[in-house]
Asker: 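Pasting a structure here, questions to come.
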Amino acid sequence: MQKPSYLSNYGGFNSLLKSGYRTFKGKNQTFFKNAEAIEDIASMTRTALGQNGNYKYIINMHDKLYLTKDTNVIAEQLEINHPAVNVLVDALKAQSSEQGDGTNYVVTFGGELMTYASKLVSEGLAIVDVSEGYEKAFNKTMELLDKAEKFKVSDLTNLEEATKFIKPVIGSKLVHGQEDFLAPLVAQACINVVPKEKEKFDVDNVRVAKILGGNLMKSEVMQGMLVVRKTEGSVISCEKCNVGVYNCEFTTKGAETNDQVVFKTADELLNYTKSEEEHMEKIVKDIVDSGVKCVITGGSISNLAIHYFDKYGVMAFRTMSKFELRRIARSIGATLLVKLGPPTKEEMGYADEIKLTEVSSQKCILIKRESENNKISTIVLRGTTNDMLDNLERVVNCGVNAYRAVCKSPVFVAGTGAIDMYLSQKIVEYSREVKSLDQYAIEAFGEAFEVIPRTLMENSGINVNEKLSTLRTKNSKNPNMGINIKTGDIEDAFQLGILDHLETKRWAIKHAYNSIRTIIKIDQIIVAKPAGGPNLTNNPYAKASQNEAEEFWF
């Protein structure tokens, strides 16, 4: 009996799949290649760690320039395609969304864990032993973090204490010395909007307004929401006013046909637009009668509407950004209206003051509302270039996220590499108590923590061989001893005022561990043929580029 064709033509696993699939399996094709890719991304971001870290100058596919030390920005703009590295990238993005800081820690520590795992596997240790050893070491790490000496912020509304823990977060992403000025601004803006129930702190209540001109030292904090716009009419301020917000153009619609109008008398010419004027005046008057003193629109405002706004003393301005319009509506408690007409009491918003102001020859509108649930504070950033302002905005967002994290858990541990050296030594000691083969993986997990103080020293130009051994000795006696990157001396981190947020550190270790443990247990990668795209058959340049990409990935 003749065999079916699909059995006679069976050519291994690849024949089970559609044409174009590629499979990679075995230690050489998956584990060690994944380890190499993780080490490459970690070695790149590691040089940006700490206050003295180096900047990365990235030009993305849209020719937009990024000068940054923020690992989250680096990962987003590099458009990484390697499947294993993307597991680690997803972990750092989760860290950024949850805590707002510690993204570089995730990649740096994760890369070191992968390096040690690669060495252990190459020396003959089974992957399952590495995985189990890492799990035991991680559980021990969480216990040690709970036992470590801590500092608790007692008053989050105290400017000095808030500045103390925001400064290390933004200092690692700024030019040296700028954090001394910017940290108090971020702290003050956060204190202005923190609610009574601090756990409900909303990062969206701290806004950023970017204005070209001057330098960072001219930046300031304004109570309220600052909109970089100017008013449309002659009314430039109103106090304790109801506000109507319209998500449409404030104009009368003309006919959508091309008609020809013939005037026979002068009166017909004079009265031609009278009905339109009466219609617009009725709309504005109805809005004024409802109690509205300020109108904000998301589209254009006709000259006729501006005329009647001035006649009835109504302040009006527009914003072309739908996101900004939504923020304004939320800040004053208004409902977006999609058609012209008077708003109801439930739909209109309220502001204590709306006025036109000027910052560096730039007309701006300041909106204030002293409500417990709608407090908004704006940090006005000044700079010479748009790239500089964009970078400062990202730094401010990191500082605000750090404040939010502290509102949830105001507990800190020793920074500047002290807590990492403490964990390293304690985990190594714990590994000696374990008798099974996974003791080597536990020891490697502990030694991986040394990458943080070592990298801080390398980026600061400190002699690593000399100072790392000194730090190890002093830290064994006092777990709060860390490296002073300004002088190179080993000092108490609490006395230096350099702290690490406990929950941020805990989540960073957790994300790095989970991602690396997932990667080391991958034994096969199956890649489908990309959908669409250019025909590579007759294009030698495109095909060569595709082959180079495959060699780089795997």
Side-chain angles (χ1 to χ4, degrees), residues 36-97 100-108 110-111 169-176 178-179 182 208-216 219 321 323 381-399 401 455 458-459 530 532-534 536 539-554:
E36 185 180 353
I38 296 292
E39 291 167 16
D40 286 340
I41 189 69
S43 63
M44 181 191 68
T45 60
R46 188 176 300 163
T47 56
L49 182 69
Q51 191 173 10
N52 293 329
N54 297 318
Y55 283 89
K56 306 297 177 182
Y57 202 8
I58 302 171
I59 305 173
N60 68 3
M61 62 183 294
H62 302 296
D63 208 29
K64 183 173 175 59
L65 309 179
Y66 289 87
L67 182 64
T68 180
K69 291 195 287 184
D70 191 337
T71 308
N72 190 33
V73 176
I74 295 171
E76 285 182 352
Q77 299 307 319
L78 287 182
E79 296 183 285
I80 295 169
N81 289 326
H82 194 287
V85 177
N86 273 327
V87 175
L88 190 60
V89 170
D90 289 341
L92 75 88
K93 288 180 179 178
Q95 175 71 15
S96 178
S97 64
D101 190 32
T103 53
N104 201 321
Y105 192 100
V106 173
V107 181
T108 301
V169 174
I170 67 175
S172 61
K173 302 173 178 67
L174 283 171
V175 177
H176 183 66
Q178 289 182 336
E179 70 276 6
L182 190 58
V208 174
K210 299 175 289 185
I211 297 179
L212 281 171
N215 54 36
L216 178 63
S219 301
S321 171
F323 302 106
L381 293 176
R382 305 287 303 279
T384 53
T385 64
N386 287 320
D387 290 337
M388 176 185 176
L389 289 173
D390 291 341
N391 187 44
L392 288 173
E393 183 181 15
R394 289 190 289 268
V395 171
V396 168
N397 290 335
C398 289
N401 275 288
T455 303
E458 290 173 352
N459 293 343
L536 305 182
N539 190 337
Y541 299 103
K543 196 166 185 178
S545 177
Q546 179 73 7
N547 292 336
E548 289 176 3
E550 291 177 3
E551 290 176 4
F552 175 75
W553 291 350
F554 304 109

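Worth knowing before you read on, the calculation uses all heavy atoms, side chains too, and leaves out hydrogens, waters and symmetry mates.
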Asker: With no hydrogens and no angle check, is any side-chain donor or acceptor of D70 less than 3.5 Å from a backbone partner on V395?
Answerer: no

Asker: To check you understand the geometry: which heavy-atom pair defines the closest contact between T45 and T71, and what is its length?
Answerer: CG2-CG2, 3.8 Å

Asker: Considering all heavy atoms of both residues, which atom of I38 and which atom of G110 are nearest to each other, and what is their separation?
Answerer: CG2-O, 4.3 Å

Asker: Distance-only, no hydrogens or angles: does the K210 side chain make a donor-acceptor pair with backbone N or O of L392 under 3.5 Å?
Answerer: no

Asker: As an exercise, state the distance from CD1 of I41 to CG of L88, rounded to the nearest 0.5 Å.
Answerer: 8.0 Å

Asker: Decide yes or no for Y66 and R394: does some side-chain heavy atom of the first lie under 4.5 Å from some side-chain heavy atom of the second?
Answerer: yes

Asker: Report the distance from atom CG of N52 to atom CD of E458, rounding to the nearest 0.5 Å.
Answerer: 13.0 Å

Asker: Whether the side chain of N397 engages the backbone of E393 through a donor-acceptor N/O pair (distance < 3.5 Å, no angle test) should be reported.
Answerer: yes

Asker: Roughly how far, to the nearest 0.5 Å, is CG of L78 from CE of M44?
Answerer: 5.0 Å

Asker: Nearest 0.5 Å, please: how far is CG in N86 from CG in N81?
Answerer: 7.0 Å

Asker: At their closest point, which heavy atom of T108 faces which heavy atom of R46, and how far apart are they?
Answerer: CG2-NE, 3.8 Å

Asker: Of all the heavy-atom pairs spanning S97 and A94, show the shortest one and how long it is.
Answerer: OG-O, 3.0 Å

Asker: So, the side chain of R382 versus the backbone of G213: is there a donor-acceptor pair under 3.5 Å, distance only?
Answerer: yes

Asker: Quick check against the 3.5 Å criterion: does N459 have a side-chain atom that pairs as donor or acceptor with the backbone of L49?
Answerer: yes

Asker: Working to the nearest 0.5 Å, report the span between CG of L216 and CE of M388.
Answerer: 5.5 Å

Asker: Does a side-chain heavy-atom distance below 4.5 Å link D101 with N401?
Answerer: no

Asker: Short question: side chain of S96, backbone of L92 - any donor-acceptor pair under 3.5 Å?
Answerer: no

Asker: Side-chain contact test, heavy atoms from C-beta onward, threshold under 4.5 Å: evaluate it for L389 versus V208 and give yes or no.
Answerer: no

Asker: If you look at every heavy atom in G111 and A42, which pair is closest and at what distance?
Answerer: CA-CB, 3.7 Å

Asker: Locate the shortest heavy-atom distance separating K56 from T47; write the atom from each residue and the value.
Answerer: NZ-OG1, 2.6 Å

Asker: Side-chain contact test, heavy atoms from C-beta onward, threshold under 4.5 Å: evaluate it for H82 versus D40 and give yes or no.
Answerer: no

Asker: To the nearest 0.5 Å, tell me how far Q77 CD sits from L65 CG.
Answerer: 11.0 Å

